[in-house]
Engineer: 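To start, I am sharing the structure in question, which I have written as structure tokens.
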Amino acid sequence: MSKTYLCTAIPYVNGNPHIGHAMDYLLADVYARFCRMMGDEVRFQVGTDEHGNKVFSTAQKNGVSVDDYVQMNSDKFRKFIKQLDISYTDFIRTTDPEHVRRCQEIWKRLENHIYSAEYEGWYCEGCERFVTAKECEENHGVCPDHQKPYQQLSERNYYLRIADFKDKIRDQIEKDTMQILPEFRKQEVLQLLADAPDISISRPRGQLSWGVPVPGDDDQIMYVWIDALSNYITVLGYPDQDISTYWPAQAQFIGKDILRFHAITWPAILLGLGLPLPKHLVTHGYILADGQKMSKSIGNVVDPIEVLDKHGLDAFRYYFLRHVDTFTDADFTWEKFENAYNNELANDLGNLVQRLATLCKKNGIRGVINPTGEDKKYIKLMQNFEFSRAFDYAWTKVQALNKSIDEQKPWELAKTGETERLHQVLEKLACDLLVANQLLTPFLPTATEKIHSIFTAPDIAPPETPLFPKN
RNA sequence: CGCGGGAUAGAGCAGCCUGGUAGCUCGUUUGGCUCAUAACCAAAAGGUCGUUGGUUCAAAUCCAACUCCCGCAACCA
């Protein structure tokens, strides 16, 4: 039995869970369930990123202690992940003392590749942050939020020398030792890598108080990178424990907005530690609301909880795993969602279960033995992380079953009294349904479990209420 | 001239590498069936395959130019 480790990006806890986070979890979960189906032992990390100024100042604004604030927000994500029925095994918080200590240890081990330098740039006192030269220019040198002119300021930062690792990173990406999916993202990364600068990995304490202190320098706090990225290995116990059973990760699931950090910064850290790179970086796109990017200012943000409440978890997973392409941006509209639920989940699958179970019950078919077998095409699609296509493929099996029932007309066999033939036909159909059901299991864990128990029960009978009721 | 991707039926996509009657899913219309959640099955309508030119007996497919859209372009957790 092989051991598989899967990672998801850890969201920053200064906001509520949104649909983009759900995509990370869903993709990783489908793959996790698939791997378990294939007999792997899966370790599956999720977590929350909890340091940084935004969290600190929001806590203060709301008059709560920062510890309580991050606890509260981390719990929101924990609850969200539960609601999505994500089969994770490890939940990490970057404020976990073990994580903090391990980060400091990792920093020490990277010291050959870390140097100190002055950073100079445009700074806004109100925002307490530097802005890019471009942003400064766009705002004509004045911060729009605070109506104060930006100042030239310099501060001392520690930097991670990316140049030390560029060639190795390039090599591993080109050879797909670390495979970036989809392919066009790989091209983007290779291009970025050519001019990748060293990365600032600390801030003076005065700038950033809520974070992991740099070991050996009390004036500096680690800036996000080493703190957040290293969660993928600290959760396994690095460097206290040997992590080679699980590391390198089979796959890390991320949104396109954070690809560069996972494809350049993270590999640099790993190489600096002498660790192998993750085998796959699976990058999904954005969910658009009716063709537009979701944003608070436009006010078109679709709340995942609202979608969940509408028709339940299976419907949620169905839409975002089948009708949202695994790798590219895709659209969500309520109309499409309703359409998918009513005409595909309810009519194709729900109704199929209903009619076949009814036929079996009327004709006294006993529970079918769960068939075993491998579907090569399906396995290949899943192994290539082409989940929406694999789901499509599995669905063709469902549709074929509806067709097959119509063609074989078991109700006519019942009328003409061809009992033996009738039983054969129905048992074969039930068996085929279980085969299709198996392919759907990673995508629709709840519904497939119900279907499985219906057709393997000693007496097959339709569910009390339809699997996907329509109103 | 930054790099890259794309333009195919109302929507979303495949086909292009290896030219030869244009295909899938959803939606629409009609017919059939009755085991089933007014569900299911079948058939039909709907595209001059972004534009122009070239190569060829033959171009969605190869070549060139053009138009339009989109992704990426360093502190975005």
Side-chain angles (χ1 to χ4, degrees), chain A residues 9-15 21 47-52 54-55 94 119 121 129-135 157 159 162 182-201 203 223-225 227-229 231 254-262 264-265 285-286 291 322-325 328-331 333 335-336 339-340 342-363 388-389 392-393 395-396 399 401-415 422 426 429 462-463 465-471:
Chain A
I10 51 173
Y12 193 53
V13 292
N14 202 36
H21 300 129
T48 44
D49 176 21
E50 307 183 7
H51 288 127
K54 277 188 198 165
V55 161
T94 55
Y119 177 83
R129 69 179 184 106
F130 284 91
V131 298
T132 59
K134 194 179 163 194
E135 193 176 344
N157 285 184
Y159 284 82
I162 295 293
E183 175 77 18
F184 67 89
R185 296 284 172 212
K186 171 177 164 180
Q187 297 310 326
E188 285 175 8
V189 169
L190 284 172
Q191 204 182 314
L192 268 176
L193 187 62
D195 310 308
D198 293 344
I199 292 174
S200 162
I201 52 170
R203 293 285 184 274
Y223 187 58
V224 56
W225 313 121
D227 177 8
L229 288 167
N231 92 83
I254 55 176
K256 65 179 183 181
D257 51 328
I258 55 174
L259 173 60
R260 79 168 62 127
F261 310 120
H262 285 78
I264 299 174
T265 315
Y286 287 147
R322 180 162 186 229
H323 290 293
V324 170
D325 180 86
T328 60
D329 290 359
D331 206 28
T333 67
E335 190 189 355
K336 284 180 180 174
N339 212 6
N342 287 313
N343 299 313
E344 296 171 36
L345 264 184
N347 291 354
D348 285 350
L349 181 60
N351 183 54
L352 170 64
V353 169
Q354 205 72 21
R355 68 194 296 213
L356 189 54
T358 304
L359 281 166
C360 287
K361 186 183 180 185
K362 284 184 180 174
N363 296 291
S388 53
R389 285 173 190 247
D392 262 339
Y393 172 72
W395 208 256
T396 62
Q399 291 171 315
L401 272 161
N402 272 319
K403 184 173 178 173
S404 185
I405 294 177
D406 271 64
E407 280 169 357
Q408 305 198 66
K409 305 188 198 325
W411 51 91
E412 281 190 5
L413 296 174
K415 264 186 216 162
L422 173 64
L426 288 178
L429 287 167
T465 52
L467 285 180
F468 304 105
K470 293 198 224 171
N471 315 329

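Reminder, nothing fancy here: chain letters follow the sequence lines and each chain counts from 1. Quantities reported herein were computed from a predicted structural model and do not represent experimental measurements. Heavy atoms only: backbone and side chains are in, while hydrogens, waters and symmetry mates are out.
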Engineer: Can you identify which nucleotide, out of B/U37, B/C72, B/C35, has its nearest atom closest to the A/L192 side chain?
Structural biologist: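 Minimum distance to the A/L192 side chain belongs to B/C72.
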Engineer: Using Watson-Crick and G-U wobble pairs with both distances under 3.5 Å, what is the 5'-to-3' dot-bracket string of RNA chain B, with [ ] for crossing pairs and | for pairs outside the strand?
Structural biologist: .(((((((.[[[[.)....(..]]]].(((((.......))))).....[[[[[..)....]]]]])))))).....
Engineer: Select base, sugar-phosphate, or nothing to describe what A/A9 touches, counting heavy atoms under 4.0 Å on all strands.
Structural biologist: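 Contact class for A/A9: none.
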Engineer: Counting heavy atoms from C-beta on, name the nucleotide in B/G32, B/U34, B/C3 closest to the side chain of A/Q191.
Structural biologist: B/C3
Engineer: Please pick, from B/U34, B/A77, B/A36, the nucleotide with the shortest atom-to-atom distance to any side-chain atom of A/W411.
Structural biologist: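 The answer is B/U34, which lies nearest to the side chain.
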Engineer: Want to settle it: does A/P466 or A/Q399 sit nearer the 5' end of RNA chain B, counting the closest nucleotide to each?
Structural biologist: A/Q399
Engineer: Taking the P atom of each, how far is B/G10 from B/A45, in whole Å?
Structural biologist: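 Taking atom P in both B/G10 and B/A45, they lie 15 Å apart.
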Engineer: Do A/N351 and B/A36 have a side chain to base donor-acceptor pair shorter than 3.5 Å?
Structural biologist: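 Answer is yes: a donor-acceptor pair is held.
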Engineer: Which one, B/C72, B/C75, B/C40, comes nearest to the side chain of A/E188?
Structural biologist: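 The answer is B/C72.
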Engineer: So if I take every side-chain heavy atom of A/L229 and compare against B/A36, B/G27, B/A77, which nucleotide ends up nearest?
Structural biologist: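 Nucleotide nearest to A/L229's side chain: B/A77.
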Engineer: Output the rounded distance in Å from NZ (A/K403) to C1' (B/A39).
Structural biologist: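 Checked: the NZ to C1' distance equals 18 Å.
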Engineer: Need one value for A/L356: base, sugar-phosphate or nothing, where a base atom within 4.0 Å counts as base even if backbone is also close, heavy atoms only.
Structural biologist: nothing
Engineer: In terms of side-chain heavy atoms, does A/Q187 have a donor or acceptor partner in A/Q191 at a distance below 3.5 Å?
Structural biologist: no
Engineer: The side chain of A/K256 is closest to which nucleotide in this list: B/G71, B/C75, B/C41?
Structural biologist: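 Of the options given, the side chain of A/K256 lies nearest B/G71.
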Engineer: Any idea which of B/C41, B/A77, B/A39 is nearest the A/N402 side chain?
Structural biologist: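 Closest nucleotide among those given: B/C41.
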Engineer: Whether A/E412 and A/K415 form a salt bridge (side-chain N of Lys/Arg under 4.0 Å from carboxylate O of Asp/Glu) is what I want to check.
Structural biologist: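 No.
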Engineer: Base, sugar-phosphate, or nothing for A/Y286, non-hydrogen atoms under 4.0 angstrom?
Structural biologist: nothing
Engineer: Which nucleotide sits closest to the side chain of A/Q354: B/U37, B/C40, B/C35?
Structural biologist: B/U37
Engineer: Taking the minimum atom-to-atom distance to the side chain of A/D348, which one of B/C40, B/A77, B/C35 wins?
Structural biologist: B/C40
Engineer: For A/H262, which contact category applies under a 4.0 Å heavy-atom criterion: base, sugar-phosphate, or nothing?
Structural biologist: base
Engineer: What nucleotide, of B/C72, B/A77, B/A11, holds the atom closest to the side chain of A/K336?
Structural biologist: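 Closest nucleotide to the A/K336 side chain: B/A11.
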Engineer: What is the nucleic acid contact for A/S200, judged by heavy atoms within less than 4.0 Å: base, sugar-phosphate only, or nothing?
Structural biologist: base
Engineer: If only side-chain N and O atoms count, and only distance matters, is there a donor-acceptor pair under 3.5 Å linking A/T48 with A/E50?
Structural biologist: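 Result is yes, a qualifying pair exists.
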Engineer: Quick one: label A/D227 by what it contacts on the DNA or RNA (base, sugar-phosphate, nothing), any heavy atom closer than 4.0 Å.
Structural biologist: nothing
